[in-house]
Amino acid sequence: MNKLKIIIGLLLVSAMGNAQGLQSYIAEAQANNPKIQAYELRYTIAREKENEANWLPNTEFGAGYFVSEPETRTGAQVARFSAKQMLPWFGTVATRQKYASAMAETDYVDYVVAKRKLALAVAQSYYELYSLWAKQGVLDTNIELLHTYETLALTSVEVGKASAVDVLRLQIRQNELEQQKQMLREQFKGEQVNFNNLLNRDTDLTVDLTVAMDIPDRDPVTMDSLELNPELLRFDKMYESVTQAELLNQKEGAPMLGFGLDYVSVQERPDMSFSDNGKDIVMPMVSLSIPIFNKRYTSKTKQNELRKEEITFQKQEGLNVLESAFAKAIAQRNEARIAYDTQSKNLKQAKDAEQILVKNYETGTIDFNDVLDIQELQLKFQINQIQSVQLYYVQSAIINYLINQ
């Protein structure tokens with residue numbers, strides 16, 4: 001099947017260098033996923049139906065023995081043998097094969113859609129794993145930061161510039177972050193099982209997430225080409241299959257020709273002698289089967305017309321759904337960029353505030369309540385940044401699914 005190609009910017013983490021890893025995972029999933037393999041077999045079966053369509057009605061053979069032998073001038077008829085072959089109207093077999101081919105093309109589009117949906121599912125799971133992994137790294141950094149603050153607090157307690165309560169608060173905060181980290185680790189394990197199942201491999205295998213992601217300075221160039229999405233192309237193939245079904249219906253509604261041969265065995269008359277005595281009978285036959293009562297075919301024609309209208313409406317509805325999904329994905333990707341930029345500004349200001357607190361410690365005055373507040377803000381901004389990155393690439397993957405061929 002000829003497929004139109006659209007050149008667009010690579011939407012799946014091309015700027016960060018781990019696109020190669022993700023694409024290799026997608027290729028592995030498409031090669032090993034049992035659902036895709038089932039679709040491949042379905043398409044193979046549909047192709048085989050083209051060979052099945054190349055058939056003729058069964059050849060009829062008959063044999064009969066005269067219990068009461070009818071007498072003729074040349075002798076008594078003993079037995080009759082016959083053979084008959086009906087042939088469909090000219091072009092019926094070829095039309096039947098074209099119909100089977102059209103149905104196979106529909107199954108092929110289903111196969112393509114399934115592969116694309118699997119690629120999207122792998123990408124979404126990959127970005128979820130990255131988010132969980134990156135959040136654990138952020139928590140590790142913040143736990144180390146709190147350890148540093150705890151050391152400062154202990155020193156301040158020794159010189160009487162801080163209370164033991166400040167130390168306890170910092171330790172409590174560390175415990176909370178350790179809890180969050182353990183919860184993220186469990187979530188990561190669960191998502192890793194899901195990811196490996198998509199690839200149909202051992203669920204204990206690790207996923208390579210060694211490269212950090214950032215939102216690129218510019219969004220990849222996208223071309224709004226929703227009408228070339230395989231989900232919509234499937235309706236075109238369905239429409240074509242109905243067209244071929246109607247052509248086949250017209251052929252099947254035409255007469256059928258039959259050719260046959262009757263052979264009658266004749267016994268010689270013993271009381272007579274003449275040239276044709278006991279001569280067997282050979283009778284070639286031609287028959288014509290005409291569908292006089294053909295409401296079946298006219299009804300099929302009406303059904304096919306209605307089916308075409310139904311497919312047209314379904315395609316328009318499908319296009320509306322894809323347009324809505326495309327607009328939503330674009331909007332959410334823009335929202336992710338806005339949120340990411342805002343968190344970057346907030347994080348910079350939070351670090352500036354942290355530096356001010358450290359300088360205050362050098363002069364002997366530090367409020368560890370402010371320390372906890374700033375640390376909590378930094379963690380919030382860092383987590384939000386990771387979520388924005390995840391949202392950006394998930395929506396990019398959805399856009400890629402909707403428009404890329």
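Sequence positions, counted from 1, serve as the residue numbers for this chain. Because the structure is predicted, anything quoted here is derived from the model rather than measured.
Distance check, rounded to the nearest 0.5 Å: OH of Y99 to OG1 of T243 gives 11.5 Å. In this structure, CG in L146 is found 10.0 Å from CD in E176, a value given to the nearest 0.5 Å. Within the model, atoms CG of L177 and CD of E376 stand 9.0 Å from one another, a figure rounded to the nearest 0.5 Å. Here K181 contributes atom NZ and I143 contributes atom CD1; the two are 5.5 Å apart, rounded to the nearest 0.5 Å. Atom CG in N194 sits 11.0 Å away from atom CD in Q192 (nearest 0.5 Å). For the atom pair T106 OG1 and Y239 OH, the distance stands at 14.0 Å (nearest 0.5 Å).
Environment of CG in D352: crowded, with over 12 heavy atoms of neighbouring residues, nucleotides or ligands closer than 6.0 Å. More than 12 heavy atoms of other residues, nucleotides or ligands sit less than 6.0 Å from atom CG of D202. Shown here is F90, whose CZ atom has no more than 12 heavy atoms of other residues, nucleotides or ligands within 6.0 Å.
Heavy-atom minimum distance, P255 versus I290: CB-CG1, 4.3 Å. The minimum heavy-atom distance between A102 and S241, with the atom names listed, is CB-CA, 3.7 Å. In terms of heavy-atom proximity, F259 sits nearest to V286 at CD2-CG2, 4.0 Å. A pairwise comparison of heavy atoms in A353 and I374 identifies CB-CD1, 3.6 Å as the closest pair. P230 and V112 make their closest contact through CG-CG1, 3.9 Å (heavy atoms, listed as atom of the first residue, atom of the second, distance). Nearest heavy atom pair, residue Q30 against residue I36, reads O-CG2, 3.5 Å.
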For this session: Could you check Q250 against T301 for side-chain contact (heavy atoms from CB on, under 4.5 Å), going step by step and ending with a plain yes or no?
Result: CA-CA 8 Å; Q250 296 296 329; T301 297; 3.4 Å; yes
Problem set entry | side-chain contact (heavy atoms from CB on, under 4.5 Å) evaluation trace for M285 with K84 | CA-CA 8 Å; M285 299 182 65; K84 181 180 180 182; over 6 Å; no
For this session: Go through the steps for L402 and I398 under the test side-chain contact (heavy atoms from CB on, under 4.5 Å), then give the verdict.
Result: CA-CA 6 Å; L402 291 172; I398 292 174; 4.0 Å; yes
Problem set entry | Trace of the ring pair (Phe, Tyr, Trp, His ring centres under 6.0 Å) decision for F81 with F61 | CA-CA 8 Å; F81 303 92; F61 295 95; over 10 Å; no
Exercise. Could you walk me through whether L226 and I403 pass the side-chain contact (heavy atoms from CB on, under 4.5 Å) check?
Worked result: CA-CA 5 Å; L226 298 176; I403 67 173; 3.6 Å; yes
For this session: List the steps and the verdict of side-chain hydrogen bond (donor to acceptor under 3.5 Å, both in side chains) for Q314 and E310.
Result: CA-CA 6 Å; Q314 288 177 337; E310 178 190 7; 3.3 Å; yes
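Using a 4.0 Å cut-off between a side-chain N of Lys or Arg and a carboxylate O of Asp or Glu, K189 and E186 qualify as a salt bridge. A salt bridge between R234 and E231 is absent, with no side-chain N of the basic residue lying under 4.0 Å from a carboxylate O of the acidic one. By the 4.0 Å N-to-carboxylate-O rule, E52 lies too far from R96 to be salt-bridged with it. The pair E305-K308 fails the salt-bridge criterion, with no side-chain N (NZ, NE, NH1 or NH2) lying under 4.0 Å from an Asp/Glu carboxylate O.
Here the side chain of N197 pairs a donor or acceptor atom with the backbone of V193 at under 3.5 angstrom. Judged purely by atom type and a 3.5 angstrom limit, D166 has no side-chain atom pairing as donor or acceptor with the backbone of A153. In terms of modelled atom types and a separation under 3.5 Å, the side chain of N32 and the main chain of E28 share a donor-acceptor contact. No donor-acceptor pair closer than 3.5 Å links the side chain of N400 to the backbone N or O of S396. Judged purely by atom type and a 3.5 angstrom limit, N33 uses its side chain to pair as donor or acceptor with the backbone of L198. Using a distance-only test at 3.5 Å, with no hydrogens or angles considered, no donor-acceptor pair links the side chain of S299 to the main chain of R296. Side chain of S131 to backbone of Y127: no donor-acceptor contact under 3.5 angstrom is found. A distance-only check finds no donor-acceptor pair linking the side chain of Y393 to the backbone of M213 [under 3.5 Å]. S101 contributes no side-chain N or O that, together with a main-chain N or O of K98, makes up a donor-acceptor pair within less than 3.5 Å. Using a distance-only test at 3.5 Å, with no hydrogens or angles considered, a donor-acceptor pair links the side chain of T95 to the main chain of G91.
A search for ring pair (Phe, Tyr, Trp, His ring centres under 6.0 Å) contacts involving Y39 returns nothing, not counting sequence neighbours. Partners of K315 under the salt bridge (Lys or Arg N to Asp or Glu O under 4.0 Å) rule, at least two apart in sequence or in another chain, are D236.
If you check the side chains of N142 and Q375, you find a donor sitting under 3.5 Å from an acceptor. There is a side-chain donor-acceptor pair under 3.5 Å between E191 and S125. Under the 3.5 Å distance criterion, with hydrogens and angles disregarded, no donor-acceptor pair is assigned to the side chains of E60 and Q85. Side-chain atoms of Q385 and S344 form a donor-acceptor pair, as typed in the model, at a separation below 3.5 Å. A donor and an acceptor atom, one from each side chain of N320 and Q316, are located under 3.5 Å apart. A donor-acceptor pair shorter than 3.5 Å cannot be found between the side chains of Q182 and E178. One side chain, Q332 or Q395, offers a donor N or O that lies under 3.5 Å from an acceptor on the other.
If you look at Y25 and F195, their ring centroids are closer than 6.0 Å.
Under the 30°/60° scheme for interplanar angles, the aromatic rings of Y111 and Y43 are found to lie parallel.
In this structure, the side chains of Y149 and E354 come closer than 4.5 Å at one or more pairs of heavy atoms. The side-chain heavy atoms of I330 and R333, taken from C-beta on, include a pair separated by under 4.5 Å. Taking the side chain as every heavy atom from C-beta outward, Y263 and S82 never approach each other to under 4.5 Å. Between Y297 and E252 there is a side-chain heavy-atom pair separated by less than 4.5 Å. In this structure, L56 and P88 have side chains that are in contact, with non-hydrogen atoms separated by less than 4.5 Å. Proximity of L379 to L139: side-chain heavy atoms (C-beta onward) are separated by under 4.5 Å at one or more points. In this structure, the side chains of M103 and K49 stay at 4.5 Å or more apart for every pair of heavy atoms.
Screening residues 334-344 for salt bridge (Lys or Arg N to Asp or Glu O under 4.0 Å), with sequence neighbours left out, gives D219-R337.
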